Visitor: 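Starting off with a structure, shown below.
Just so we're clear, the structure is a prediction, and the values are computed from it rather than from any experiment.
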Amino acid sequence: MGTPSSVAAEVRDPAPAATRRPAPPRGEGGMRHGVWLWPALLTLALTLYEIDHPLLWEDELNTWDMVTRSTGSLLDTVGNVDAVLTVYYLLMHGWTVVFGDSVTALRMPSVLAMTGVAACTALIGQRLFGRRAGLAAGLLFALTPVVVRYAHEARPYALVVLAVALATLALLRALDRPERLGRWAAYAACVAAVGLLHLVALTALAGHLAVVAAWARVDRALAVRAGLAALAGVAAVAPVAVLGSGQASRQISWIPRPNLESLAAFLPQLYASGTFAGAATVLAVSAWAQRRRAGRAGTPPPTSSSWRPVSQGPVLAVTAMAVLPVLALWAVSHGDISYFFYRYLLFTLPAWAVLAGAALAALRSRAVLAVALVAVAVLSLPEQRSVRETYAHFWHGVDYKGAAETIVKYHRPGDAVVYDRGEDYWRLLDLGVRHYLPDELRPRDVFLARSAADRADLWSSECPDPAACLRSEARIWLVVPAGAADPLDALPAPQARALRKHYTATGTERLTGVTVALLVRKS
């Protein structure tokens with residue numbers, strides 16, 4: 001039986017069978033020759049660099065808030081909101097217990113996940129197109145600006161990409177030896193992991209289905225095994241799907257219904273770089289052109305029945321994994337709820353990288369290949385810088401760290417604090433500033449009635465009678481959105497009236513997106 005490597009060689013090399021070199025033995029490649037190692041090391045280096053420089057943004061602050069609650073409080077909360085992230089929150093809860101909740105600690109699981117994805121991408125490329133293609137694919141993935149962006153993100157997206165990449169590898173291995181039930185069990189486990197980390201990512205199965213359908217033309221029993229394995233994985237996710245379906249309108253109602261322009265804008269958003277997206281698209285088209293040339297050259301059929309469909313069209317298989325999930329999510333997003341958002345489809349990046357790697361692998365000279373990769377790296381430099389900027393994660397930047405530093409600098413024992421939780425509560429000024437304050441500095445939150453954890457929710461509740469919640473604090477820090485000439489005007493009117501009656505502002509620090517003022521009690 002031929003191996004993936006031998007089949008890939010047949011696709012690349014149209015020479016007569018008698019003149020081709022024998023295929024390497026099964027299992028050769030990745031670990032022995034480092035096909036996966038260099039992409040993984042490059043990804044790790046790029047993603048560790050300035051990992052803590054971008055400030056935590058609102059979604060990451062929600063992660064911090066959730067995972068630092070007790071396990072019981074966390075589970076109570078996901079019964080009301082964010083059920084689809086239960087597994088991620090539990091994983092991160094255990095992680096922070098061991099490694100703490102600093103910015104670096106919160107983002108490190110995403111860094112490690114993206115490092116694993118780079119290795120998987122190289123192995124997928126090697127399996128389908130050969131060693132050089134695998135190495136090129138892995139390095140291209142590492143150089144993609146959006147990889148750094150979401151490696152520096154304390155959310156589940158990097159882990160989702162890793163789960164899908166592992167599922168793809170598991171599927172290809174199972175198709176290679178379909179009689180081994182353990183391989184199908186591994187695929188089912190990976191599918192379950194995908195759904196438990198992010199339900200929308202199960203659209204990856206659309207690409208897998210296309211690959212299995214190609215194999216099924218040769219071996220119908222194989223389709224049954226693949227279908228049962230996928231169903232087993234999906235079934236494990238059913239409880240989360242049922243609970244999460246009732247919460248979707250609250251959590252993602254802000255995503256607009258997609259149109260054709262949404263599809264056109266997808267790749268630049270996916271890569272976090274229009275230039276990189278353009279280069280990757282050109283390479284993907286080149287891979288198809290090379291496939292057509294190989295077909296006209298009369299590539300002989302492979303000897304392995306189980307790999308025949310892939311050898312006839314590995315480019316088609318990878319294209320299906322890159323494109324079909326996007327089209328599937330675009331189609332289902334025309335109902336009551338839209339799910340079409342680029343970061344929910346980050347898991348297609350490895351497939352796009354493998355297509356581009358296959359095209360680069362056709363370059364005859366290693367020197368030319370190296371120059372091409374360096375050119376790609378140079379093209380990505382502006383975006384590599386931008387994804388590491390202070391407010392790179394924000395839609396509207398908020399200097400939580402600067403606000404916290406202002407309070408620390410001028411703080412006195414007994415100070416209290418007021419955070420705006422009005423119409424702009426989505427800015428999460430309270431969570432953001434509290435994260436960057438030292439653990440030993442926790443001023444009384446004057447108008448807080450019940451915390452989000454106590455309410456088993458993401459949002460806190462406030463004192464219905466602000467005047468009754470005031471005590472005799474000599475000084476109160478006021479943290480409100482930037483913009484108002486008088487910082488008290490940014491508060492809800494009842495709170496502003498209660499504070500004006502007893503306090504006067506003596507100093508104001510205006511920062512990006514936030515204003516910090518010190519209120520002193522009137523004598």
Side-chain angles (χ1 to χ4, degrees), residues 3-9 11-12 24 26-40 42-43 113-144 147 158 160-177 183 186-187 190-191 193-194 201 204-212 214-215 226 280 283-284 287 291 306-307 309-311 313-325 345-362:
T3 67
S5 300
S6 63
V7 169
V11 172
R12 294 192 310 275
R26 185 182 300 278
E28 178 180 312
M31 295 186 68
R32 187 170 135 187
H33 293 292
V35 167
W36 62 272
L37 180 61
W38 296 114
L42 178 60
T43 303
M114 283 302 193
T115 300
V117 176
C120 290
T121 301
L123 293 174
I124 292 169
Q126 177 188 3
R127 180 170 285 271
L128 294 179
F129 296 100
R131 180 176 179 276
R132 182 181 291 190
L135 182 60
L139 293 174
L140 283 171
F141 177 86
L143 294 170
T144 304
V147 169
V160 173
V161 182
L162 177 60
V164 173
L166 288 171
T168 301
L169 264 179
L171 175 62
L172 294 176
R173 293 185 74 250
L175 292 172
D176 184 37
R177 296 295 296 272
R183 295 193 177 192
Y187 176 61
C190 290
V191 170
V194 170
L205 295 179
H208 290 180
L209 178 63
V211 176
V212 170
W215 262 271
L283 289 172
R291 175 183 180 271
S306 65
W307 279 85
V310 164
S311 66
V315 174
L316 180 60
V318 179
T319 301
M321 290 186 281
V323 173
L324 290 185
L345 289 159
L346 285 174
F347 63 83
T348 61
L349 271 175
W352 290 106
V354 169
L355 277 176
L360 285 177

Visitor: For residues 115-124, tabulate all N or O donor-acceptor pairs below 3.5 Å that involve a side-chain atom, not counting sequence neighbours.
Guide:
{"residue": "Thr115", "atom": "OG1", "partner": "Val111", "partner atom": "O", "Å": "2.9"}
{"residue": "Thr121", "atom": "OG1", "partner": "Val117", "partner atom": "O", "Å": "2.8"}

Visitor: Please tell me if the side chains of Asp176 and Arg183 come closer than 4.5 Å, counting only heavy atoms from C-beta onward.
Guide: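 The answer is yes, as the side chains (C-beta and beyond) meet within the 4.5 Å cut-off.
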Visitor: How about His208 and Tyr187: do any of their side-chain heavy atoms sit closer than 4.5 Å?
Guide: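 Answer yes - side chains close enough.
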Visitor: Check whether any side-chain heavy atom of Phe129 sits under 4.5 Å from a side-chain heavy atom of Val315, and report yes or no.
Guide: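 Yes, side chains in contact.
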Visitor: Considering all heavy atoms of both residues, which atom of Leu140 and which atom of Ala356 are nearest to each other, and what is their separation?
Guide: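 Closest pair (atom of Leu140, atom of Ala356, distance): CD1-CB, 3.6 Å.
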Visitor: Looking at side-chain heavy atoms only, is the closest gap between Met321 and Thr168 below 4.5 Å?
Guide: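 Contact flag for Met321/Thr168 side chains = yes.
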Visitor: With side chain to side chain contact (heavy atoms under 4.5 Å, CB included) as the criterion, how do Leu42 and Leu143 come out once you've worked through the C-alpha distance, each side chain's angles and the decisive distance to 0.1 Å?
Guide: CA-CA 8 Å; Leu42 178 60; Leu143 294 170; 4.1 Å; yes
Visitor: Do you know the tightest heavy-atom contact between Phe347 and Ala201?
Guide: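 In this case the closest contact between Phe347 and Ala201 is CE2-CA, 3.6 Å.
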Visitor: Measure the spacing between CG of Leu171 and CG of Leu205 and express it to the nearest 0.5 Å.
Guide: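 The distance works out to 9.5 Å.
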Visitor: Mind listing the closest non-hydrogen atom pair of Cys190 and Ala170 along with its distance?
Guide: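 So the two residues come closest at SG-CB, 4.3 Å.
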Visitor: Begin from the C-alpha positions of Leu355 and Leu283 and carry the test side chain to side chain contact (heavy atoms under 4.5 Å, CB included) through to its verdict.
Guide: CA-CA 7 Å; Leu355 277 176; Leu283 289 172; over 6 Å; no
Visitor: Just so I know, are the side chains of Val161 and Thr348 near enough to count as touching, which here means a heavy-atom distance under 4.5 Å?
Guide: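 In short, these two side chains do not touch, never coming nearer than 4.5 Å.
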Visitor: List the atom of Ala204, the atom of Pro325, and the distance in Å for their closest heavy-atom pair.
Guide: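 The pair with the smallest heavy-atom distance is CA-CG, 3.9 Å.
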Visitor: Measuring from atom CG of Leu135 to atom CD of Gln126, what distance do you get when rounded to the nearest 0.5 angstrom?
Guide: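 Leu135 atom CG to Gln126 atom CD measures 9.5 Å (nearest 0.5 Å).
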Visitor: Rounded at 0.5 Å granularity, tell me how far CG in Leu346 sits from CE in Met114.
Guide: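 Separation between the atoms: 6.0 Å.
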Visitor: Please give me the minimum heavy-atom distance between Ala142 and Thr43, naming the atom from each residue.
Guide: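 Minimum heavy-atom contact is CB-OG1, 3.0 Å.
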Visitor: Can you tell me how far apart CG (Leu324) and OG1 (Thr319) are? Round to the nearest 0.5 Å.
Guide: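 The OG1 atom of Thr319 is 9.0 Å from CG of Leu324, to the nearest 0.5 Å.
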Visitor: Does any non-hydrogen side-chain atom of Phe141 lie less than 4.5 Å from one of Pro39?
Guide: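 No, too far: nothing below the 4.5 Å cut-off.
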